[in-house]
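Input: a single structure, listed below in structure tokens.
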Amino acid sequence: MCGENLSPPGPAYLELLNPEQRRAVLHTGKPLLILAGAGSGKTRVITTKIAWLIRERGVAPQSILAVTFTNKAAREMAGRAQIIDERAAGAMLRTFHSFGAWFLRRNGGCAGLDSNFVIYDDDDMISLLSTIMQGSPKPEVKHTAYNISRAKDFFLSPDDPALAAIDGTKKFRKLYAHYEERLAHTGNVDFGDLIKKPVEILRKEPQVARRLRERFSVIMVDEYQDANVAQFELLKELCGPDTYVCVVGDDDQSIYRFRGAEVKNILQFPDRFSGTEIIRLESNYRSTAPILKAASSVVDHNHGRLGKTLRAERGNGKLPVLAFLPNQDEEVNFCASLIKNSVNNKDNAAAQYSDWAVLYRTNAQSLGFETEFLRRSIPYRVVGSLKFYEREEIKDALALLSFLVNPRDEIAFRRVVNKPARGLGTATVERIIEANMAQENSLFETAQGMAQELSAKAEKGLKAFIKVIEEGKTLLEQTPAAIAADGDAAAAVKKKKQRSNGEELVAGEGLSVCVTQMIKNSGIAEYHFEQDEIMGNQRLSNLQELVNKASLYAGTLEGLLEFLEHFELDRSLEDNSKNSGSEDKVTLITFHNTKGLEFHRVIMTGLEQGVFPREDKKHEELEEERRLFYVGATRAMDELYVTSCAMRRMYGRTMPFEPSMFLREIDTSCLRVIGTAPYSFRTANQLHAWDRHIESEIEKTSGWRKGQRLFHDDYGYGAVTEVRDSDDGPVVRVQFETGNELRFLSEHQGSAFVKIGDDE
């Protein structure tokens, strides 16, 4: 041992890191992009790096800026860094918007802002716009506010030519410009300004920019795949020539495009920050190998990705199960039985309800699971949304239907007689109810008799409500043949309108005709759609799910009574379940809301074409749907189940569905298929197997294989994404880490590349 050159041991806290993580923590100098795969311990890396810079490199804590996207994440990062070195408390760990507010409080004067400005939320924006767009319908005002927010996310001003990508009309440009003038006059800012204005100040005020760059010598960004264009511009302006910049993210988990997130920010980071080094965190500590293989085989079909190969540190486990089921009723029954049996299994005492998560594409899909779980006494919680029966739009619709069958129902009358607003104030409503208490008539009859005694506005509103109830009665008295005809007509309308914009409720069979017409005629559907562009669509989806449920009942008074009784019984079961006090509950959650979570057992439901992915998803949006699948699958630690239904109730009718295209993309070697697979799925998979055989032969001929890592003097590091045959010989397609793509004939240009071993 004498004379051997031994390097001194590193700090003890670094011993907890794997080689990839340690390399990322110890990296300095050039810009760094940490591609952190799902479950790879990225939070440990970024917090350890903050502490290491302070403890080992002597970086002043106050010169470190770390930004992320939620206050919770910022607090967690700060707490974990301080465990290693308490001086980390001096570093600035904030959300993007919190940093923007901090910056403007100190430098806003450069943009004419007083330091005591107020931050306008969405409602404040709409209120200000309403004074500008006087006489415009409220949905138009809200849509304009939404587009202004989107414009600021993309760092677009009213006179920017690129604004056409959001709204190319001259009217919108003028409204946006007028809004900016009025907002400036108030001396306040909106949320978009918290990012946009700091960028503008940094560009116009060199002294401010120099001071900030001297203050922050280290800038780190967590969850970088969620950054929008304006946030990238802010990062760029904060970084000087000597700034050490490090971003952490996963291009395969960029799923918030609807919020303005731009996956190109992470894909093009190496191009925008010269000399960037990429370190991949590919050791997954959450899931077993078959789960990771299933998830990766789907997202591997995306072209817009830098690429990585996750390794399951936990080794092998159970194969994911793909269950083909006849319909959505069997789907919820399958899930309920699976969960119930696992908890009741005496040989598996560790199984708990909280081990399980049921994932779905939209909140409206929770209804079936909630109903079945309540009946089977399976405790559950809904994440990111109210339980189905607690949602405002569902309560409104059920109150309207309740008043139809019982015109004496005072509670239902109070809830819906002036919703949406019909000019019937609280005093008028109380007057009708008090008059009714002195009579033997129903509230409906009293309202009919009093309409002419009210003001013109109130009379008009009350008569409109009365008409809705009368039309509902008429619908319930129609013959089954007439109801079926109405359903056919509605279905015809649906093909023309519903699929294109999703803004129209569609009736189908049985009671769904009456329920649909009442919800629409009362204005409840429009009222909830107007809440805002995104949530409006979701609320309409919930109401459509109510309509779908109604299609199972006869379109008669008796059918409506049975329908309402079903809901009342379920709500009663729900009330009883609330009293259990236990936290041992199944999680019902959308795919989007699972980000950052993990569960021992996950069931991904609704894997049908048109449900997941949606029919309208193409190109970049379809790639995001694949990433959403990947995120959902990688939440599973031990067991993964995927369900696909042959039939599903949609638009008030039971309709056939094809399996999701994502199921055809999963490597079948890592799946256990149960149930009867549709013929089209079996045929496609046989073809895919043949395609893989042909691809394998081409790879042997060309000397290149899919996934092969390589290096090119001009383009840098990359990987082979496709090897296919052509008339001129095998063609190889390469995706580089810079985002560039290149195709070449293997026999002519292959010598320009250097192959890299699999272990590098």
Side-chain angles (χ1 to χ4, degrees), residues 367 371 374 388-422 424 426 428-451 454 458 461-480 483 505 507 510-525 527-528 542-543 545-547 549-576:
L367 173 59
T371 299
L374 287 168
F388 193 84
Y389 306 116
E390 295 174 351
R391 296 168 193 170
E392 180 186 359
E393 62 274 18
I394 300 303
K395 287 185 174 182
D396 291 344
L398 293 177
L400 185 67
L401 297 170
S402 296
F403 190 73
L404 175 61
V405 300
N406 179 13
R408 296 179 181 275
D409 190 337
E410 178 186 330
I411 302 300
F413 180 76
R414 287 180 185 274
R415 185 176 186 95
V416 295
V417 69
N418 195 43
K419 191 172 189 180
R422 299 185 178 88
L424 296 163
T426 304
T428 302
V429 174
E430 290 297 334
R431 180 180 167 190
I432 296 171
I433 292 172
E434 288 177 8
N436 177 252
M437 294 178 67
Q439 302 173 8
E440 294 183 358
N441 295 335
S442 67
L443 259 173
F444 180 73
E445 292 169 326
T446 300
Q448 282 179 310
M450 291 184 63
L454 306 177
L462 186 57
K463 284 185 175 179
F465 176 74
I466 290 170
K467 184 180 179 182
V468 171
I469 302 301
E470 289 175 336
E471 289 175 344
K473 289 181 179 180
T474 301
L475 284 168
L476 291 178
E477 293 167 358
Q478 286 183 354
T479 63
I483 292 174
L505 283 182
L511 185 63
S512 71
V513 175
C514 174
V515 173
T516 301
Q517 289 304 115
M518 288 199 68
I519 293 174
K520 289 168 67 175
N521 293 347
S522 67
I524 287 174
Y527 171 83
H528 286 292
N542 292 333
L543 289 170
E545 192 62 27
L546 189 72
V547 169
K549 193 72 174 179
S551 68
L552 300 175
Y553 297 82
T556 62
L557 177 61
E558 290 74 19
L560 178 55
L561 286 168
E562 186 181 354
F563 176 68
L564 292 173
E565 181 179 306
H566 158 84
F567 279 99
E568 287 304 321
L569 289 173
D570 279 354
R571 281 196 286 197
S572 175
L573 290 171
E574 186 178 275
D575 290 340
N576 290 334

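Values reported hereafter were calculated over all heavy atoms of this structure, with side chains retained and with hydrogens, waters and symmetry mates removed.
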- Distance, nearest 0.5 Å, that separates CG of Leu462 from CG of Leu454: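 Between atom CG of Leu462 and atom CG of Leu454 there are 6.0 Å.
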- Item | From CD (Glu392) to CD1 (Ile524), nearest 0.5 Å |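 Interatomic distance, Glu392 CD to Ile524 CD1, rounded to 0.5 Å: 10.0 Å.
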Do you know the tightest heavy-atom contact between [X] and [Y]?
X	Y	value
Pro420	Ser522	CD-O, 3.3 Å
Leu424	Val429	O-CG2, 4.0 Å
Val405	Leu560	CG1-CD2, 3.2 Å
Ile519	Leu400	N-CD2, 4.3 Å
Leu475	Cys514	CD1-CA, 3.8 Å

- Pairing residues for Lys520 by the salt bridge (charged side-chain N to carboxylate O under 4.0 Å, His left out) criterion, not counting sequence neighbours: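 Residues passing salt bridge (charged side-chain N to carboxylate O under 4.0 Å, His left out) with Lys520: Glu504.
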By side-chain contact (heavy atoms from CB on, under 4.5 Å), which residues pair with [X], not counting sequence neighbours?
X	value
Glu393	Arg391, His528, Arg539, Asn542, Leu543
Glu562	Tyr553
Ala412	Ala399, Ser402, Phe403, Asp409
Ser442	Pro407, Arg408, Phe444, Glu445

- 4.5 Å side-chain heavy-atom contact, Phe465 and Asn418: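 They are not in side-chain contact.
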- Message: Once side-chain hydrogen bond (donor to acceptor under 3.5 Å, both in side chains) is applied, do any residues pair with Lys549, and if so which ones, sequence neighbours excluded?
- Response: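 Applying side-chain hydrogen bond (donor to acceptor under 3.5 Å, both in side chains) to Lys549 gives none.
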- Task: Verify side-chain contact (heavy atoms from CB on, under 4.5 Å) between Met518 and Ile469, making sure each step is shown before the conclusion.
- Result: CA-CA 8 Å; Met518 288 199 68; Ile469 302 301; 4.0 Å; yes
